[in-house]
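For reference, the structure discussed in these notes is given below.
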Amino acid sequence: STRVRSSAASDVYKRQINKEFKMNISSMTGFARLKKSLSLEETDIGWTWEIRSVNGRFLDVKIKLPAIFEHLQQQLKTEAASCFSRGNVTATLMMENNDSDVQVRINEKLLEDLMTQLNAVSERISGKKESAVPADLLNVRGVVECRDNTLGEEAQKQLDKALVESFGEVCAALKADRGEEGRKIKKALEAIIANIEKVVGRIDAIADKLPPKIKEKLEEQLRQWLEPGNEISEDRLAQEIVFYVNRADVREEINRLQAHIKTAYELLNSDDAIGRRLDFLCQELGREANTTSSKSADIALTNAAVELKTLIEQLREQVQNIE
C-alpha cells in the first residue's frame, strides 16, 4: 500500500486521465481497485476501494461504506457524478486496521427511543401494554456502532479527507478503464457506420436507375385505368399518379440517411458523452430504413433495405454500451 497523495496531486492525476481519454468514446462497463494507507496517532490505517460500473440509462451511484463513514456518502456521490454521466456505478470501501481492536458501542438513547415508540404502537393497536425486548432491536441500523479505531476529531477529519481523495483517484482509474473499453467500441462503431454508408450508396445507385422502371410501370397502370369501360375522373387519375410517383420515390429518405451518417461520424469525434444522442440517431436511421423498405418496388432495393436494417440494429446494440 502507498501513502495518500495530496489533494493537488489527486487533481493532477484526474486531469491527466481526462486529457488522455477526452477524444475517445467511453464505455459504461469497467472496474478499478485502489489500496491506500495512512498513519494517524501512531495507528496505521489501511483501506481498499473497489468500484465497478455496468450499463444504465442514467447515472446511478451506490456506495457501500462502514457505518462510521456514512456521513461521507453524499460527498462521494458528488465526486462520482463529476466523473461519469451514465451507468450503474457501485463502489465499496473496505477498511483495514491491524493496530487496534474493534470497539462496539450501543447507542442507548436511540435504543430507548425505539422501545418507547414500539411500546406505544403496540398498546394503540392491540390495546395491551407490552414491553419491547432490547435484544430484538440490536439489528436496527445505528443501535450498535462498531469503530475500527478511536481517532481524535482532527485525525478523523484527516482520514475523511484522505478517503474522499482516494475515492476520486479510483473514480479516475475506472474512467480510464471505461475509456480503454470505449476505444474498442469506437472501432466497432466506425466499421458498422462505414458499412451503413456503403449500403446507402448502393440504395442511392439503385434509386438513380428506378425512374425508367417507374415510368414503364406507370404507363402500364395508366393503360389499365384508361381501358374502355373504366370510369375514372381526371382528378382521381391525377391523384393516383401523384400517389404512385411519391410512393416510388426514395430520394428524400436517402438524403436523410446520408445526413444521419454524417452526424454519426461527427458524434464519434465529439468531446461529450454521446450515448443518448447516438441512441436517438439509431431510431432515426431505423425509421428511414423502414420507409425505404415499405416504398420499394424493386427486389434489389428491398434486399439493400433489409441489409441496412440489420446493420442499424448492430449499431444500436453497440450504442447501448457507451456513456
Measure the shortest side-chain to side-chain distance between [X] and [Y] over non-hydrogen atoms and say whether it is less than 4.5 angstrom.
{"X": "Ile206", "Y": "Val250", "value": "no"}
{"X": "Leu163", "Y": "Leu65", "value": "no"}
{"X": "Glu323", "Y": "Phe84", "value": "yes"}
{"X": "Leu285", "Y": "Leu315", "value": "yes"}
{"X": "Glu169", "Y": "Lys36", "value": "yes"}
{"X": "Gln75", "Y": "Val164", "value": "yes"}

Please report the closest heavy-atom contact between [X] and [Y], naming both atoms and the distance.
{"X": "Cys171", "Y": "Ile51", "answer": "SG-CD1, 3.9 Å"}
{"X": "Asp60", "Y": "Lys62", "answer": "OD2-NZ, 2.6 Å"}
{"X": "Ile312", "Y": "Cys282", "answer": "CG2-O, 3.7 Å"}
{"X": "Leu174", "Y": "Gly30", "answer": "CD1-C, 3.3 Å"}
{"X": "Ala304", "Y": "Val199", "answer": "O-CG1, 3.4 Å"}
{"X": "Val319", "Y": "Gly275", "answer": "CG1-O, 3.6 Å"}

[X] and [Y]: side chain donor to acceptor below 3.5 Å:
{"X": "Arg178", "Y": "Ser53", "result": "yes"}
{"X": "Gln156", "Y": "Glu153", "result": "no"}
{"X": "Ser166", "Y": "Trp49", "result": "yes"}
{"X": "Asp279", "Y": "Gln320", "result": "yes"}
{"X": "Ser27", "Y": "Asn321", "result": "no"}

Leu40 with Leu93, same ILVMFWY side-chain cluster at under 4.5 Å: yes

Joint hydrophobic cluster, Met95 plus Leu76, side-chain heavy atoms closer than 4.5 Å: yes

Side-chain donor-acceptor pairs under 3.5 Å in residues 253-265, sequence neighbours left out?
unit_1	atom_1	unit_2	atom_2	d
Glu253	OE1	Lys295	NZ	3.4
Glu253	OE2	Lys295	NZ	3.2
Asn255	ND2	Arg251	O	3.4
Arg256	NE	Glu288	OE1	3.1
Arg256	NE	Glu288	OE2	2.8
Arg256	NH1	Glu252	OE2	2.7
Arg256	NH2	Glu288	OE1	3.4
Thr263	OG1	Ala259	O	3.1
Tyr265	OH	Glu197	OE1	3.1

Spacing of [atom1] belonging to [X] relative to [atom2] belonging to [Y], to within rounding of 0.5 Å:
{"X": "Leu268", "Y": "Leu189", "atom1": "CG", "atom2": "CG", "answer": "6.0 Å"}
{"X": "Gln314", "Y": "Asn195", "atom1": "CD", "atom2": "CG", "answer": "8.0 Å"}
{"X": "Glu181", "Y": "Lys184", "atom1": "CD", "atom2": "NZ", "answer": "5.0 Å"}
{"X": "Ile322", "Y": "Arg277", "atom1": "CD1", "atom2": "CZ", "answer": "11.0 Å"}
{"X": "Ile63", "Y": "Gln74", "atom1": "CD1", "atom2": "CD", "answer": "8.5 Å"}
{"X": "Ile193", "Y": "Lys198", "atom1": "CD1", "atom2": "NZ", "answer": "13.5 Å"}

Audit row: Trp47, Leu159, side-chain contact (heavy atoms from CB on, under 4.5 Å) steps and yes/no: CA-CA 11 Å; Trp47 66 91; Leu159 178 58; 3.9 Å; yes

Full working for side-chain contact (heavy atoms from CB on, under 4.5 Å) between Asp44 and Ser39: CA-CA 5 Å; Asp44 289 331; Ser39 292; 2.6 Å; yes

Stepwise side-chain hydrogen bond (donor to acceptor under 3.5 Å, both in side chains) test for Glu70 and Gln73: CA-CA 5 Å; Glu70 277 296 325; Gln73 187 79 229; 3.2 Å; yes

Report yes or no: does [X] contribute a side-chain atom to a donor-acceptor pair with the main-chain N or O of [Y] at less than 3.5 Å?
{"X": "Lys175", "Y": "Cys83", "value": "yes"}
{"X": "Glu79", "Y": "Phe167", "value": "no"}
{"X": "Asn55", "Y": "Met28", "value": "no"}
{"X": "Ser270", "Y": "Glu266", "value": "no"}
{"X": "Asp204", "Y": "Val200", "value": "no"}

Qualifying salt bridge (Lys or Arg N to Asp or Glu O under 4.0 Å) pairs with a residue from residues 302-313, counting only residues at least two apart or across chains: Arg202-Glu307, Glu313-Arg316

More than 12 heavy atoms from other groups under 6.0 Å of CZ on Phe280: no

salt_bridge(Glu50, Arg33) N-O dist < 4.0 Å: yes

Cationic N near anionic O, under 4.0 Å, Arg183 to Glu180: yes

